[in-house]
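Data block below; observations after.
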Number of protein chains: 2
Amino acid sequence: MARTVLDRSDAVRALAGVFRRRGFESGSLSVIQQETGIGRGSLYHFFPAGKTDMARAVLDEVRRWFDENVFEPLRTTEDPAEAVTAMARVVDEYFTSRNRVCLFAAMTLGDEQDAFAEDVRRYFADWIDALAATLRRGGVTEPAAADLALDAVATIQGALILARALDDDAVCHGVAQRTNARLRSALTGH
Amino acid sequence: MARTVLDRSDAVRALAGVFRRRGFESGSLSVIQQETGIGRGSLYHFFPAGKTDMARAVLDEVRRWFDENVFEPLRTTEDPAEAVTAMARVVDEYFTSRNRVCLFAAMTLGDEQDAFAEDVRRYFADWIDALAATLRRGGVTEPAAADLALDAVATIQGALILARALDDDAVCHGVAQRTNARLRSALTGH
DNA sequence: GTCTATAGATCGATAGAC
DNA sequence: GTCTATCGATCTATAGAC
């Protein structure tokens, strides 16, 4: 029997898949073991504190991905309209290629809710703030920018629920497109 | 010790509370027993198939509530603008008074997902369809009405996630208000 | 119709060989 | 670093007294 040696980031990737498919609580160590092919010993080698460590590692990776591919581009892309459109496209691709599940949103329900409440809060607050700042750079005045950004993030998150409920990726694509259009039409010069 | 005799609807109400607070999977029979004060024997008397029966009973009650207080009013209220505004108000009140949790949305994640997939699909499809029909009665043309309705339901559902994440009911109130305004401004004569 | 006691399965986590 | 074996706790569900 082959003994596969893997590093922590392989394990985190595999865990993220299981958690997206089964949820945090349903994904028991037995199914994690089966679906990832990683033995119990290895899991506890990489994540000594067990399931909580695994959840934290997965959320940290998601957070890093959004920092790099969503939040930072929103802040640094010169043209606000371009920044908004890129966000819509990137986020749509991300979620449709990952079972239409946002693991931070999943963390707002269930047992471990409290343990990660601050991380969840910061993830959504940072997303909304980065988008609102982009809108302000594009000429949208303060209270409107904050509302528009919050509504946009809410609509995207709700689209994930509907896409799962209706089993239809087109829901995500349509919402991404219309959210993009709505945000761009709020920018000056449109 | 008092022996309280209760009927099934009392049990369903108590169960809904537990599921909203703890989620479907986290709410084990032990915590259900503790938090509802209903003994194990009684629970299996009312719900012979166990937890799945409990989940179905709770979802059925939620479904009935929405049929009566949301879907039917959308279809029968004469003035479309009035119907839309009533929906926004009623839904906002419902969710903010129930831990900001939509149990049908919660069912799109986790273990029992498959068992209730059809009920979940129908709940959201009926909501979107009823709202789209109201918009059409108000003069909105077909493709736009469907998109507007879907986006509205998505935004409301996403607002629940953000309200939990940011621990702030104002998110729900703000989204309800702006969704109402956006829908009304799409109706003819605005 | 409600209770307690408990069966049987599965859980998360640990130990120790290799 | 990975494995298997296994612990104690907890889970859902059942049985039987009242």
Side-chain angles (χ1 to χ4, degrees), chain A residues 1-59 103 106-107 109-116, chain B residues 1-59 103 106-107 109-116:
Chain A
M1 199 59 184
R3 270 166 77 100
T4 313
V5 178
L6 34 74
D7 62 8
R8 206 183 126 106
S9 72
D10 292 327
V12 171
R13 224 186 325 280
L15 283 170
V18 177
F19 287 148
R20 271 187 268 260
R21 280 191 301 275
R22 330 266 308 207
F24 279 106
E25 351 246 33
S26 322
S28 71
L29 282 196
S30 302
V31 327
I32 290 173
Q33 205 174 343
Q34 282 169 7
E35 298 194 6
T36 63
I38 305 172
R40 207 157 273 229
S42 302
L43 286 171
Y44 276 91
H45 170 71
F46 289 127
F47 311 100
K51 246 184 126 175
T52 305
D53 263 6
M54 300 178 204
R56 177 160 306 280
V58 168
L59 288 179
L103 288 171
M107 265 302 174
L109 291 170
D111 246 6
E112 337 200 53
Q113 212 171 332
D114 293 352
F116 297 99
Chain B
M1 199 57 184
R3 270 165 78 99
T4 315
V5 178
L6 33 76
D7 61 8
R8 207 182 125 105
S9 73
D10 292 328
V12 172
R13 223 187 325 281
L15 283 170
V18 177
F19 287 147
R20 271 188 266 261
R21 280 191 300 277
R22 329 267 307 207
F24 279 105
E25 350 246 36
S26 323
S28 72
L29 283 196
S30 301
V31 328
I32 289 174
Q33 205 175 344
Q34 282 170 7
E35 297 195 6
T36 63
I38 304 171
R40 201 157 278 224
S42 304
L43 287 171
Y44 276 92
H45 171 71
F46 289 127
F47 311 101
K51 246 184 126 175
T52 304
D53 263 6
M54 301 179 203
R56 176 158 309 279
V58 168
L59 288 179
L103 288 172
M107 264 305 175
L109 291 171
D111 246 6
E112 338 201 52
Q113 212 171 329
D114 293 351
F116 299 100

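Just so it is clear: chains get the letters A, B, ... in the order the sequence lines come, proteins before strands, and each one is counted from 1.
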Original post:
Between dT4(C), dA5(D), dT2(D), which nucleotide has the shortest distance from any of its atoms to the side chain of Ser42(A)?
Top reply: dT2(D)
Subject >> Steps toward salt bridge (Lys or Arg N to Asp or Glu O under 4.0 Å) verdict (Arg13(B), Asp10(B)) >> reply: CA-CA 5 Å; Arg13(B) 223 187 325 281; Asp10(B) 292 328; 3.3 Å; yes
Original post:
Tell me: CZ of Phe46(A) to C1' of dT2(D), nearest whole Å?
Top reply: 9 Å
Original post:
For the pair made of NZ in Lys51(B) and C1' in dC11(C), what is the distance, rounded to whole Å?
Top reply: 13 Å
Original post:
More 5' along DNA chain C: Ser30(A) or Pro48(A), using each one's nearest nucleotide?
Top reply: Ser30(A)
Original post:
Are OP1 or OP2 of dC11(D) and a side-chain N or O of Ser28(B) less than 4.0 angstrom apart?
Top reply: yes
Subject >> Spacing between Tyr44(A) atom OH and dA13(C) atom C1', to the nearest angstrom >> reply: 4 Å
**OP:** To the nearest Å, give me how far apart CG (Leu29(B)) and P (dA9(C)) are.
**Re:** 17 Å
Original post:
How many angstroms lie between CG in Leu103(B) and CZ in Phe116(B), if you round to the nearest 0.5 Å?
Top reply: 11.0 Å
**OP:** Rounded off to whole Å, could you give me the CD-to-P distance for the Glu25(B) and dC11(C) pair?
**Re:** 12 Å
Subject >> Distance test, side-chain N/O of His45(A) to OP1/OP2 of dT2(D), below 4.0 Å >> reply: no
**OP:** Run the salt-bridge test on Arg22(A) and Glu35(A) with the 4.0 Å N-O cut-off and return the result as yes or no.
**Re:** yes
Subject >> Derivation and outcome, side-chain contact (heavy atoms from CB on, under 4.5 Å), residues Phe19(A) and Met54(A) >> reply: CA-CA 10 Å; Phe19(A) 287 148; Met54(A) 300 178 204; 4.2 Å; yes
Original post:
Which whole-number value in Å describes the distance from Leu43(B) CG to dC11(D) C1'?
Top reply: 15 Å
Subject >> Between dT12(D) (C1') and Gln34(B) (CD): distance, integer Å >> reply: 16 Å
Original post:
Rounded to the Å, how far apart are Arg40(A) CZ and dA17(C) C1'?
Top reply: 18 Å
Subject >> Upstream residue (5' side of DNA chain C) when Gly50(A) and Gly39(B) are each assigned their closest nucleotide >> reply: Gly39(B)
